[in-house]
Amino acid sequence: MKRNNLVYLIILALFWEVTAMILDSPQLMPSLVAVFKTLYLELVKGKLWLYSLYSLLSILIGLAASLVLALGITILSTRFLWVMDFFQFLNTLFHPLPGIAILPLLILWLGVGYEAVIFLIIHSVLWPVLTNLFTALETFPKTLSMVGDNYEMGLVRKFVFLYLPGIMPQFIAGVKTGWARAFRAVISAEMFFGAIGATGGLGWFLVKKRAFMDTTGVFAGIVMILVLGVIFENIVLKGLENKTTVKWGFKS
Amino acid sequence: MILALENVTKRFGDTVIFENLSLSISPGELVTVVGRTGVGKSTLLGLLGSFIKADEGRVVFQEKEVKRPDQERVIIFQTFDQLLPWRSVRDNILFPLQQTKKEGFDMLEVLKALHLEGTEDLYPHQLSGGMKQRVAMARGLISRPKVLLMDEPFGSLDPNTRSTLQLELLRLWEQYGITVVFVTHDVTEALFLGDRTLIVTASGIQEIPNPLMRPRDKEAMNFRIFESELVQYIK
């Protein structure tokens, strides 16, 4: 994390505490200390980690499926222009469509279950990731593609050895957006569906806390989501970036 | 004859670039191609490498008609983005051998031939323009192709680096006996390097044999005279 971010975080926390003190109503805005105490208790004594794990699992499966799909479409697009054309058309149609809007249909077709959640994540992730990858393809140096032809490389070989590393910056940016979209989709679906399977995810945790007017618990759930987001972006994605685009001079 | 165009016609839309063009290149020859910007020099190179398809006519390489690019006719570009930014100098040069499983030259020999020793672990973004073109040439050479197709490879370099690389190219060409087709917009460069020069104009291609003995001196009287004659052709 950048040092500035730490300063911002402290300012935000102070602002929160002062507001909580002025309002003096734990029902509306509990103090930070209370939120972190609840978070700690829910993690250690409660099952917040299980809810988190459940949501994370859905996200990872959905995200992975979307990325595989997006890369598959991109491979075909490097050879067949109409594939890119077709999916760009679909993208204009479906990208602006909120996941929550198709939830009623998903329930009708797939039932209230895991499949619907995964489908929702794919819908939320695929389009922004494709937008990124298509932009990357359009700016991919033609000379590199010709180098591949020169050494008689086939479709998949060219993709693995030339295109994939070449579009890595936009791919990572896509994963970043995809992760955020997947998280949103999962929380919405879980709040909409209630508990799926043994426990349910973070969305269900929030719904339960809200039902009991446990504002501190709701905040604890939200903080958990934020923490997971920060960890993914700063450890997983930064690590990937340092090993690839930074090292290759795409990004300093 | 190692590489030839037979009655090739190429159009882009309604514009005819070449009509019924035939030319042949002998093994070990260094042919330079000059002409004004946009007249079709790179198209000619693209046709010779099968990167661009002819509308009519055939491209013949080693007595066989060819329709796709292959590893025996390697192209080297002017732009620096021809190197793979995610690979070190070493891995960029080794790329053709890894992809084709071909027996090539020894890596150390090629590094030495292009004065790239000590840069093996650097990445392309850490190299100067001249170094990048050296790496591109090393990559082109390592797989021992029969023909090198060079598309203004020194076009973006400063005059000093350019002169140095011209001399290196001649040395490598003599050492390895490789066939080279070298496109440039610089008449001096075309004369300095070529066994003969193809002048591309809107009305077709003209072949000018180069009578100058090697090694050539760009400042010599006969070089200057011949150069001014050639400039006339292009106009």
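Small disclaimer: the values here were computed from a predicted structure and weren't measured. Each chain gets a letter, A, B and so on, in the order its sequence line appears, and its residues count up from 1.
- Atom CD1 of B:Ile76 sits about 12.5 Å away from atom OG1 of A:Thr143, to the nearest 0.5 Å.
- Taking both residues in full, the closest heavy atoms of A:Val147 and B:Arg139 are given as CG2-NH2, 3.5 Å, listed atom of the first, atom of the second, then distance.
- Residues of residues 75-100 of chain A lying under 4.5 angstrom from chain B, judged on non-hydrogen atoms, do not exist.
- Here the closest non-hydrogen pair linking B:Arg73 and A:Asn150 is O-ND2, 2.9 Å.
- For A:Phe119, the CZ atom sits in a loose shell: 12 or fewer heavy atoms of surrounding residues, nucleotides or ligands are nearer than 6.0 Å.
- Note: B:Phe77 CZ to A:Leu144 CG = 8.5 Å, rounded to the nearest 0.5 Å.
- When each of B:Pro85, B:Ser50, B:Ser143, B:Gly49 is checked for heavy-atom pairs under 4.5 Å with chain A, B:Pro85 comes out on top.
- Contact check for B:Gln99 versus A:Phe161: side-chain heavy atoms found under the 4.5 Å cut-off.
- Checked by atom type and distance alone, the side chain of B:His125 never pairs as donor or acceptor with a backbone atom of A:Phe250 at under 3.5 Å.
- The heavy-atom pair separating A:Tyr151 from B:Gly140 by the smallest distance is OH-CA, 4.2 Å.
- More than 12 heavy atoms of other residues, nucleotides or ligands shown are found within 6.0 angstrom of CD on B:Glu117.
- Pairs of residues two or more places apart, or lying in two chains, that qualify as salt bridge (Lys or Arg N to Asp or Glu O under 4.0 Å) and include a residue from residues 80-98 of chain B are B:Arg90-B:Asp121.
- When the candidates B:Trp86, B:Phe51, B:Tyr123 are compared by the number of heavy-atom contacts under 4.5 Å with chain A, B:Trp86 comes out ahead.
- Note that CE of A:Met153 is 4.0 Å distant from CZ of B:Phe95, once rounded to the nearest 0.5 Å.
- Under the 3.5 Å distance criterion, the side-chain polar atoms of B:Gln71 are left unmatched by any main-chain donor or acceptor of A:Glu152.
- Around atom CD of B:Glu65, more than 12 heavy atoms belonging to other residues, nucleotides or ligands sit under 6.0 Å away.
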